[in-house]
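Please read the structure below before turning to the comments.
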Amino acid sequence: MAIKDRILTGDRPTGNLHIGHYFGSLKNRVELQDKYETFIEVADVQALTDNFNNPEKVQRNVKEIVIDQLSIGIDPKKATIFIQSMIPEIAELTVFYSNLVTIARLERNPTVKTEIAQKRHIFGESVTYGFLGYPISQAADITAFKGTIIPVGEDQLPLIEQCREIVKKFNTIYGETLYMPKAYLSTNKRIKGLDGNEKMGKSLGNAIYLKDSDDEINKKVMSAVTDPKRIRKDDLGNPDVCMVAYYHKLFSKNSLDNICAECRGGKRGCVACKKELIANIIDHFKPIREKRKFYEENLELVDKILSEGTKKARITASETMKDVKKAMKIDYKI
Ligand code: TRP
């Protein structure tokens with residue numbers, strides 16, 4: 001089946017987006033919306049699989065995540081932004097697809113396996129049916145909207161693989177109905193945290209958020225880990241082990257060679273170096289923060305974008321539902 005490629009991606013509304021997301025995937029998303037029809041899901045149902053006991057958190061973050069996206073340049077004229085729980089077809093598809101996936105296969109999914117190990121404090125000894133099965137629900141997210149290109153980070157590859165298996169099995173048993181998705185790996189690598197940790201993450205407390213104020217950015221960068229061997233300004237520095245130099249690579253491209261040379265030569269103090277980085281980060285995010293402010297002051301516009309996006313998404317999902325029910329011989333004409 002040849003159709004025009006379509007982007008489908010989603011975010012769990014569990015927290016604000018940070019510069020790890022920004023350089024890792026969001027910038028890419030903004031570029032892709034010019035090339036392909038784009039659907040972006042606010043995955044509130046998925047967020048509830050491991051936050052079922054904290055619905056306020058999910059509720060609070062739905063609009064936050066939409067404002068984050070709009071402020072970085074996702075254009076509601078090009079991209080359809082919608083809320084997962086408002087598309088009942090996703091839940092229906094999840095039920096149908098669950099016949100096509102074994103428990104053993106779900107338990108083998110490396111992403112789910114890692115997450116279960118990390119979430120013992122939530123699940124205790126035995127994980128919920130809902131969480132174990134969220135890859136099935138994610139396959140419903142993707143196929144309901146005929147997503148063929150799925151921009152994700154590396155950790156999501158096993159989920160896309162699982163979705164592909166479901167599509168293959170469905171089409172083999174019931175006839176060609178669903179579109180085969182492909183993961184689109186962002187070429188940007190993972191962004192390290194302020195503390196030098198390989199991952200920037202909310203739970204790690206080492207992230208700079210897109211919505212951070214000047215003051216917060218200032219505090220965070222001042223606390224970033226630098227070359228531990230460098231004590232005095234004229235000590236020769238090693239930018240390769242310094243998080244400030246690491247972020248200069250992202251925010252100070254034009255002066256990077258100079259910054260590194262001065263650091264190696266002991267001609268640049270860490271405090272001045274941090275101040276320069278702070279100014280560049282603030283400068284870089286200025287237009288993004290202005291846009292954020294605009295949407296925060298016009299929340300009814302955010303509602304309108306979500307409502308129109310969800311309406312449009314629902315039309316596509318109901319078309320898929322029709323095809324699926326027909327293929328599964330449950331399209332009763334009564
Ligand atoms: N699981 C994804 C994450 O944690 C979010 C997500 C939900 C998603 N549905 C999706 C990603 C569909 C891609 C396609 O980041």
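Keep in mind that the numbers below use all heavy atoms, side chains included, and drop hydrogens, waters and symmetry copies. Read the numbers this way: they start at 1 and go in the same order the structure lists the ligands and their atoms.
Between Arg12 and ligand 1, an N or O atom pair is found at a separation short of 3.5 Å. Considering backbone and side-chain atoms together, Thr9 places no N or O closer than 3.5 Å to any N or O of ligand 1.
Closest to atom 5 (C) of ligand 1 among all protein heavy atoms lies Gly10 O, 3.5 Å. Given atom 7 (C) of ligand 1, the protein heavy atom at minimum distance is Gln46 NE2, 3.3 Å. Closest protein heavy atom to atom 2 (C) of ligand 1: Gln156 OE1, 3.3 Å.
The aromatic ring centroids of Phe82 and Phe145 lie less than 6.0 Å from each other. Taking the centre of each ring, Tyr246 and Phe251 stay at or above the 6.0 Å mark. In summary, the aromatic rings of Phe52 and Phe131 are positioned with their centroids too far apart to meet the 6.0 Å limit.
Residue-level proximity to ligand 1 for Ile150 is carried by the side chain, the only part with a heavy atom below 4.0 angstrom.
For ligand 1, the atoms closer than 4.0 angstrom to any heavy atom of Asp141 are 7 (C), 9 (N), 10 (C). Below 4.0 Å from some heavy atom of Glu41 lie the following atoms of ligand 1, by number and element: 9 (N). Less than 4.0 angstrom separates some heavy atom of Ala43 from each of these atoms of ligand 1: 7 (C).
Residues Ser318 and Glu89 form a side-chain contact, since some pair of their non-hydrogen atoms from C-beta on lies under 4.5 Å apart.
Under a cutoff of 6.0 Å and an axis angle of 45°, Arg289 and Phe294 do not form a cation-pi pair.
The neighbour count for Gln59 CD, taken as heavy atoms of other residues, nucleotides or ligands under 6.0 Å away, does not exceed 12. Within a 6.0 Å radius of CE in Met86, no more than 12 heavy atoms belonging to other residues, nucleotides or ligands are found.
One option in Val42, Leu8, Thr143 has a heavy atom closer to atom 14 (C) of ligand 1 than any other, and that option is Leu8.
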